[in-house]
Number of protein chains: 2
Amino acid sequence: MLAGAELADEIGFAAVTVSELARRAGVKVPSLYSHVRNSQDLRTGVALLALEDLADRGSAALAGRAGKDALAALANVYRDYAREHPGRYAAAQMPLDTETALGSAGPRHSQMTRAILRGYDLAEPDQTHAVRLLGSVFHGYVSLELTGGFSHSAPDSAESWVRILDALDAMLRAWPPTPER
Amino acid sequence: MLAGAELADEIGFAAVTVSELARRAGVKVPSLYSHVRNSQDLRTGVALLALEDLADRGSAALAGRAGKDALAALANVYRDYAREHPGRYAAAQMPLDTETALGSAGPRHSQMTRAILRGYDLAEPDQTHAVRLLGSVFHGYVSLELTGGFSHSAPDSAESWVRILDALDAMLRAWPPTPER
DNA sequence: GCACGCAACCTAAAGGTGTTAGGCGAATGT
DNA sequence: ACATTCGCCTAACACCTTTAGGTTGCGTGC
């Protein structure tokens, strides 16, 4: 799987194929079918690896931090990982079937986001709403940045990132009460 | 291209292929190569169509609205479109090369988001930061929801959505000043 | 009316990827 | 010594992509 992950970073997750992997490894294609069930399995393996990897970095970054400090730390783990390992990051976004997703490191990610919210005063169900919002921003921003959405215009994407984290921090501290509807 | 878009909604954007399209149309595969340059071109065509379609709906929804009303209207256009036309929505997320992207309806989307911010008091460069944040949330939330991220747990995803829009509205009204750094 | 050109379709063929089946040889455990 | 297992192989099939080149039919302009 590791070889697949490196391949993904090099040529893009979409181009990760059994054939290409065999070519790099200097073996014939069918030889890999002893190690990988099928093409889908290869991609899923890379995705699971990336999710684990990312979760490990997240919990390391979160250790000993709270509040905005924790928010920025986790957010930067995602952004930095995507820039360092674009193929792996793309893999981590791959839709997994329910069973695989539950067995993956995916749940650790939402737990980490929830952990950040301990530094803010949010009761359920607002805490879950906030988890979903933060997840959306992390995923959305990083993926837009990666596919070049913000690349060719001022201000710099890095500047937007820190200001967005400022704004999210302020928002979480002043989370609006449920209005009458 | 329209046939390709319908195909995408039916079987998923990733499965949109010249062969499958030919099969549905009842013609032989090479016949389609008079209408489509290649497979990539087919997918790009669907993406451009979806971007246009989405931009049209967005500007219709925005007409005559301002402030939070406008925010919710545009946000719901994205979410509803993704639920109604998942294949087209996925197509709209396809990375395009710079030239194609500039010629697409993509820029209209950022213009629409920027238009929403006229209802809030934001000067540059904060306005751009906010555009990027809103884009990230719209894209991130809808894509996570679509791939089943929030599907199997309370509270309901629709509830989170309205609360997130509440929070974004509050955040834009109280956008934090640039701190000393 | 008729020849021309073009549009839309076809067959043939070649190259790439995914996958299964079955075989061969070397290392390993008994 | 022998059987098992592991890692690799060849052969073969199915499917998708793409190019080349031929057919048909219809509308236009002469």
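We name chains A, B, ... by the order of the sequence lines, and we start the count at 1 in each one. The figures here come from the full heavy-atom set of this structure, side chains too, leaving out hydrogens, waters and symmetry mates. In this text, all values refer to a predicted model and were calculated from it rather than measured experimentally.
When the side-chain nitrogen and oxygen atoms of Ser31(B) are compared with OP1 and OP2 of dA8(C), none of them lie within a distance under 4.0 Å. Between His35(A) and dC8(D) there is a side-chain polar atom (N or O) within less than 4.0 angstrom of OP1 or OP2. Dashed line: the shortest gap from a side-chain N or O of Arg23(B) to OP1 or OP2 of dC16(D) is under 4.0 Å.
Nucleotide dT17(C) holds its P atom 12 Å from the CG atom of Leu21(A), rounded to whole Å. Note: CG (Leu32(A)) to C1' (dC9(D)) measures 12 Å, nearest angstrom. When the P atom of dC9(C) is taken as reference, atom NZ of Lys28(B) falls 13 Å away, rounded to whole Å. One can place CZ of Arg24(A) at 12 Å from P of dT17(C), the figure rounded to the nearest angstrom. Between Asp41(B) atom CG and dT19(D) atom P the separation is 11 Å, expressed in whole Å.
Ring centroids of Tyr141(A) and Tyr78(A) are separated by 6.0 Å or more, keeping the two rings apart.
Checking dC8(D), dC16(D), dC9(C) against every side-chain atom of Val27(B), the shortest atom distance belongs to dC9(C).
Under the side chain to side chain donor-acceptor pair (under 3.5 Å) criterion, the residue pairs touching residues 28-42 of chain A are Ser39(A)-Arg43(A), with sequence neighbours excluded.
A salt bridge does not link Glu159(B) with Arg132(A): every distance from a Lys NZ or Arg NE/NH1/NH2 to an Asp or Glu carboxylate oxygen is 4.0 Å or more. One finds a salt bridge joining Arg163(B) and Asp166(B) here, because a Lys/Arg side-chain nitrogen approaches an Asp/Glu carboxylate oxygen to under 4.0 Å. A salt bridge is defined here as a Lys NZ or Arg NE, NH1 or NH2 lying under 4.0 Å from an Asp or Glu carboxylate O, and Arg24(A) with Glu6(A) fails to meet this definition.
With values rounded to the nearest 0.5 angstrom, Leu71(A) atom CG is found 5.0 Å from Phe138(A) atom CZ.
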(message) One character per nucleotide, please: for nucleotides 18-27 of chain C, 5' to 3', B when the base has a protein heavy atom closer than 4.0 Å, S when only the sugar-phosphate does, - otherwise.
(response) SBB-------
